[in-house]
Amino acid sequence: MIVPGAPGQSGSAPARSPAEAGPAAADVRFAEAMIPHHRQALEMAGLAAVRTEDPLVTAVAERVVEGQRPEIAVMESWLRGLGRTPPPAHDHGTNDRGMSGDGMSGYGMASEEELTRLRTARGRAFDTLFLTLMIRHHEGAVGMAAQELRRGRDQAMRTMAQDVVSGQQIEIARMRGIQRRLG
């Protein structure tokens, strides 16, 4: 919309509030980092079906899949709506220590060595390692979401971040309870 100026002056666009200005770089970074972060959680959760005999660990893995697969779809769609290509499916965005250069996607990511250990573990050894890695992974996601809530301005991404914070904090508490039971 253009607001006409006084006679002899050009028109101007009205000032926009930060919420109307469109997504901030922090919103894009959040989505681009959270997608591979969630994908790694899905990968870890996918291992549980054939490696655990504990129904509580199976339930945790199923909740991860049920919660994070739709969130990935929302973030991919949101990025495409901005004309951006979502990160490729194989990209975890990390080095061998689970850290990345963007300051976000390394949050709690399992290293390739840790994933290999998880892939080969069975029974109680799997359960213990899975819970340890998934708790750290969820804590990292909570940290990423907190950054989005501080710096982002897109309402869809801020809502996603709030959902991540509340949902994953609940899951962390459940997983810690299972860890205590495994002792």
Side-chain angles (χ1 to χ4, degrees), residues 27 29-78 87 89 91-94 97-100 103-152 155-183:
D27 299 311
R29 278 192 307 273
F30 173 71
E32 288 179 344
M34 190 60 83
I35 290 169
H37 196 273
H38 273 14
R39 285 181 183 147
Q40 187 181 73
L42 293 178
E43 179 182 346
M44 292 190 303
L47 298 172
V50 296
R51 289 172 175 75
T52 184
E53 296 170 6
D54 190 318
L56 294 176
V57 173
T58 299
V60 166
E62 289 170 353
R63 276 194 298 273
V64 167
V65 172
E66 290 167 7
Q68 295 189 23
R69 186 169 282 143
E71 289 178 351
I72 290 170
V74 167
M75 289 182 285
E76 286 177 336
S77 175
W78 182 84
D91 180 21
H92 288 247
T94 63
R97 293 182 322 283
M99 298 303 291
S100 73
M104 218 183 231
S105 61
Y107 280 75
M109 295 285 280
S111 68
E112 198 52 49
E113 177 190 339
E114 289 169 325
L115 289 173
T116 298
R117 285 191 356 243
L118 189 64
R119 290 179 192 118
T120 60
R122 298 284 186 276
R124 190 178 180 105
F126 174 84
D127 298 343
T128 301
L129 183 57
F130 174 80
L131 292 169
T132 299
L133 294 177
M134 195 61 78
I135 288 169
R136 185 182 80 203
H137 204 267
H138 276 31
E139 289 170 341
V142 169
M144 292 168 67
Q147 274 190 347
E148 168 61 13
L149 292 170
R150 283 191 306 274
R151 298 181 184 149
Q155 194 54 51
M157 288 302 102
R158 291 177 56 77
T159 299
M160 173 80 61
Q162 189 56 58
D163 289 349
V164 166
V165 169
S166 59
Q168 294 201 10
Q169 285 178 333
I170 291 167
E171 288 182 11
I172 289 167
R174 286 180 181 145
M175 288 187 285
R176 286 191 174 135
I178 298 168
Q179 273 185 324
R180 284 190 293 278
R181 184 183 55 81
L182 291 174

Sequence neighbours left out, what passes salt bridge (charged side-chain N to carboxylate O under 4.0 Å, His left out) with Arg150? Give chain and number order.
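With neighbours one apart ignored, the set is empty.
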
To the nearest 0.5 Å, how far apart are CG in Asp27 and CD in Glu148?
4.5 Å

Rounded to the nearest 0.5 Å, what's the gap from OG1 on Thr58 to CG on Asp127? Could you check?
8.0 Å

Any non-hydrogen side-chain atom of Met157 less than 4.5 Å from a side-chain atom of Met75?
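They are in side-chain contact.
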
Taking all heavy atoms of Met44 and all of Ala110, pick out the closest pair and write down the distance.
SD-CB, 4.2 Å

Result block: side-chain N/O donor-acceptor pairs under 3.5 angstrom for residues 60-74, not counting sequence neighbours:
{"from": "Gln68", "atom 1": "OE1", "to": "His38", "atom 2": "ND1", "distance (Å)": "3.1"}
{"from": "Glu71", "atom 1": "OE1", "to": "His38", "atom 2": "NE2", "distance (Å)": "2.6"}

So CG of Leu42 and CZ of Arg39: to nearest 0.5 Å the spacing works out to 9.0 Å

So, the side chain of Arg51 versus the backbone of Arg119: is there a donor-acceptor pair under 3.5 Å, distance only?
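Yes, because the side chain of Arg51 sits within donor-acceptor range (under 3.5 Å) of the backbone of Arg119.
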
Run the numbers on Ile135 and Glu139 for side chain to side chain contact (heavy atoms under 4.5 Å, CB included), then give the verdict.
CA-CA 6 Å; Ile135 288 169; Glu139 289 170 341; 3.6 Å; yes

Roughly how far, to the nearest 0.5 Å, is the CG atom of Asp54 from the CZ atom of Arg181?
4.0 Å

Spacing of His37 atom NE2 and Met144 atom CE [to the nearest 0.5 Å]
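Result: 5.5 Å between the selected atoms.
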
Which heavy atom in Gly140 sits nearest to a heavy atom in Tyr107, and how many Å separate them?
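Reported closest heavy-atom pair: O-CB, 3.3 Å.
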
Please tabulate, for the side chains in residues 165-175, all donor-acceptor contacts under 3.5 angstrom to protein atoms that are two or more places apart in sequence or on a different chain.
{"from": "Ser166", "atom 1": "OG", "to": "Gln162", "atom 2": "O", "distance (Å)": "3.1"}
{"from": "Ser166", "atom 1": "OG", "to": "Asp163", "atom 2": "O", "distance (Å)": "3.4"}
{"from": "Glu171", "atom 1": "OE1", "to": "His138", "atom 2": "NE2", "distance (Å)": "2.5"}

CD (Gln179) with more than 12 external heavy atoms under 6.0 Å
yes

Show your working on side chain to side chain contact (heavy atoms under 4.5 Å, CB included) between Arg180 and Arg176 and close with a plain yes or no.
CA-CA 6 Å; Arg180 284 190 293 278; Arg176 286 191 174 135; 3.8 Å; yes

Got a donor-acceptor contact below 3.5 angstrom from the Arg136 side chain to the Met109 backbone?
yes

Quick one: do Phe130 and Leu47 satisfy side chain to side chain contact (heavy atoms under 4.5 Å, CB included)? Show the steps, please.
CA-CA 9 Å; Phe130 174 80; Leu47 298 172; over 6 Å; no

Say you draw a straight line from CZ of Phe30 to CD of Gln147; how long is it, rounded to the nearest 0.5 Å?
10.0 Å

